[in-house]
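The block underneath contains the structure these notes are about, expressed in structure tokens.
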There are 2 protein chains.
Amino acid sequence: MIIPVKWTDECVEMLDQRLLPTEEVWLKLKTYNDVADGIRDMVIRGAPAIGVSCAYGIALGLKNFVGMNVEDMEEELDYICEVLAKTRPTAINLFWAIDRMKRTFAKAKEEGKNVSEIKQVMIDDAKAIHEEDIESQRLIAQFGGELLEDDSNVLTHCNAGALATGGVWGTALGVIRGAKDQGKKVTVIADETRPYLQGARLTAWELLQDDIPVTLITDNQSGHLMKKGMVQAVVVGSDRIAANGDVANKIGTYMVAVLAKQHGIPFYVAAPMSTVDMNCPTGEEIPIEERDIREITHVKDIQLAPEGISVNNYAFDVTPNEMVDAIITEKGVARKPYVESLRKMAEDN
Amino acid sequence: MIIPVKWTDECVEMLDQRLLPTEEVWLKLKTYNDVADGIRDMVIRGAPAIGVSCAYGIALGLKNFVGMNVEDMEEELDYICEVLAKTRPTAINLFWAIDRMKRTFAKAKEEGKNVSEIKQVMIDDAKAIHEEDIESQRLIAQFGGELLEDDSNVLTHCNAGALATGGVWGTALGVIRGAKDQGKKVTVIADETRPYLQGARLTAWELLQDDIPVTLITDNQSGHLMKKGMVQAVVVGSDRIAANGDVANKIGTYMVAVLAKQHGIPFYVAAPMSTVDMNCPTGEEIPIEERDIREITHVKDIQLAPEGISVNNYAFDVTPNEMVDAIITEKGVARKPYVESLRKMAEDN
């Protein structure tokens, strides 16, 4: 059972995903700045995992607050949230967690709680966010598992597994685990997912741990395999879903969606409601992170491209809602038109 | 001016493309077995370059033949060709060069030439193949250059440049060089082309040498850039073109073709007639090489994926003729239906 982020009484522990699959190292993060660095530097990644980590980062930052005054504590909260908000721009779960933790603080303050009490309230709520995240994935696994046919070879892109969430199930890999729990035979094709290789390093590792058969491919093989009839469904996660169902996810997801459409293969997105941004009308408004070009030009110290080369490193892309056959959340399976189905699910929250 | 393979009086010299872009090392190959190893191990790659290298390998093997008897020499020729034929299965230029060199031998034998004379005939024909290859690319550059619009950002996959051919122009990059020579402003987007990174290592290096502006991307970014309107045309090379215009090329080419179609972007293939296999009715009959999975799981000694992972490493895919807007050869620009336009060009050969 993989849980990539944990709260202890003195720190936030994170499995250092930069070192997988060859080393399993747990980092002890003792300040909110450490947690912010961990998110920015991709010790942990994946929208739901970023949300949980952010909540823990806030709880940790306030736990370390040395003042006695709730107003000062609130100023500290704002500052902590500002630092955390700057780590990764695309994953909405980060901002969702900040909003929720701020609301929790405001409520506790309104109730006249003191600094020490609020510290505990914030820790409790971060833990609750973590538990709810795992429970959401359990439900996503159940609803999504029902969509997969028996004897399916399912293609996934990036890592939307336990490692990308609060743990245990994962979103896209949750759907696969759910289908397996329902007695279906499901095998997985994992895109390696350049440049950061979340598929090769994380999805492959995670599924091997669970004894789910997985075949690794380079991202550019997916079309060939679909043409050969080797893919029965695509399931991916998401970093942010707009109110109209446009889906931001790891770069290359759009490409997979176009290929799935070309071959009549269902394309499913699995994500908790915390990934749905009802304030974002369409995918056009989702900010797309651009990352250091060294991720592409080098693998560790090995130089892959000539010096001075110009490089684009868009970390995400947007798949238009019409290419998405279903969005699987903890509330059930949303279908087109998403502007209605997602609104209903959000109102039901 | 890049010429990746050269005949000297004592050996075949090859620029070791495995070491680019960080090192420029020339290997001296002194036997046909060395040349076969060079092709198999990808010291040189790219269908036209493989064809030229194969011709030189045969000439070198016969030059080293120590007998005095033309019949024995012919047996040696058959053996050399058998070894060379086993190096790479997809690139038809390999088999084309073998056929041509065998015909040249047969003609010289028929004319009653002796061993020493035939050695020179074979060397001369290998050199002629090389010169004709460069001349073909010059014509491809001219015809293809006319297809590109001024101010185009052209996406290419893998390396179909001077490095992939006898030299100087290249096929796909020849088209870009041709457009530039015609006074057009053309910039290039180079897919890195996993797993062997011919785009990052070779195309980027080659275009930097020529001062043609190039931006490197991971293979999975092409859809995103097309959606953003950043790609005006796609030009790729080919390893084998079937008589009906189906195009085998580096894995991922099919994916780019599907994306180009989705976005209404013209998709062009540039290749000499030696790449057109009139004996192969459709792409279904083209053998697709599968290579060592270590190309995907490792970069040099760095392990990217967990031990024991199952991996697919298809080196090529087939793009159906209906997705190809034009095939640019030294005979001109072939259009649909290719079964007719290619046959006319082949008969004209």
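Note that the coordinates shown come from a computational prediction; the quantities given were computed from them, not determined experimentally. Throughout, protein chains are lettered first and strands after them, A, B, ... in sequence-line order, and every chain is numbered starting at 1.
- The CG atom of B/D301 lies 7.5 Å from the CD1 atom of A/I302; values are rounded to the nearest 0.5 Å.
- Residue with the most contacts toward chain A among B/K228, B/H157, B/R194, B/E192: B/R194 (heavy-atom pairs, distance under 4.5 Å).
- Within the 4.5 angstrom heavy-atom criterion, only side-chain atoms of A/L208, from C-beta onward, approach chain B.
- Heavy-atom pairs under 4.5 Å with chain B were tallied for A/N312, A/L225, A/L259; the largest tally goes to A/N312.
- Here the side chain of B/K227 pairs a donor or acceptor atom with the backbone of A/V318 at under 3.5 angstrom.
- Heavy atoms closer than 4.5 Å to chain B are found in the side chain of A/P21, but not in its backbone.
- Counting only heavy atoms from C-beta outward, the side chains of B/M323 and A/Q262 approach each other to under 4.5 Å.
- Between the CZ atom of B/R201 and the CD atom of A/Q303 there is a distance of 11.5 Å, given to the nearest 0.5 Å.
- A distance of 8.0 Å separates CD1 in B/I309 from CG in A/L207, rounded to the nearest 0.5 Å.
- Atom OG1 of A/T218 and atom CD1 of B/I296 lie 4.5 Å apart (nearest 0.5 Å).
- For a residue to count as touching a neighbouring chain, one of its non-hydrogen atoms must lie under 4.5 Å from one of that chain's; by this rule A/H263 touches chain B with the side chain only.
- Interface summary for chain B: among A/A190, A/A200, A/G223, the most heavy-atom pairs under 4.5 angstrom belong to A/A200.
- In this structure, A/L216 and B/A305 approach most closely via the heavy-atom pair CD2-CB, 3.7 Å.
- Scanning all heavy atoms of the two residues, the minimum distance from B/T215 to A/S310 falls at OG1-OG, 3.2 Å.
- Around the NZ atom of B/K261, the shell of radius 6.0 Å holds no more than 12 heavy atoms that belong to other residues, nucleotides or ligands.
- For chain B, the nearby part of A/T22 is the side chain; its heavy atoms alone come within less than 4.5 Å.
- Here the CG atom belonging to B/D317 is positioned 9.0 Å from the CD atom belonging to A/Q221, to the nearest 0.5 angstrom.
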Side chain to side chain contact (heavy atoms under 4.5 Å, CB included) evaluation trace for A/M226 with B/M255: CA-CA 10 Å; A/M226 288 184 191; B/M255 177 189 87; over 6 Å; no
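- Neither the backbone nor the side chain of A/K250 comes within less than 4.5 Å of any heavy atom in chain B.
- Shown here is A/K180, whose NZ atom has more than 12 heavy atoms of other residues, nucleotides or ligands within 6.0 Å.
- Counting non-hydrogen atoms of neighbouring residues, nucleotides and ligands closer than 6.0 angstrom, the NZ atom of B/K336 exceeds 12 such neighbours.
- Looking at A/V311 and B/I217, their side chains never come closer than 4.5 Å, going by heavy atoms from C-beta outward.
- With chain A as partner, the option from B/I293, B/V299, B/I288, B/T253 having the largest number of non-hydrogen pairs under 4.5 angstrom is B/V299.
- Comparing B/T193, B/L304, B/T319, B/L202 by heavy-atom pairs within less than 4.5 Å of chain A, the highest count is held by B/L304.
- With a threshold of 4.5 angstrom between heavy atoms, A/E295 does not approach chain B through any atom at all.
- Aromatic pair B/Y254/A/H224: ring centres not closer than 6.0 Å.
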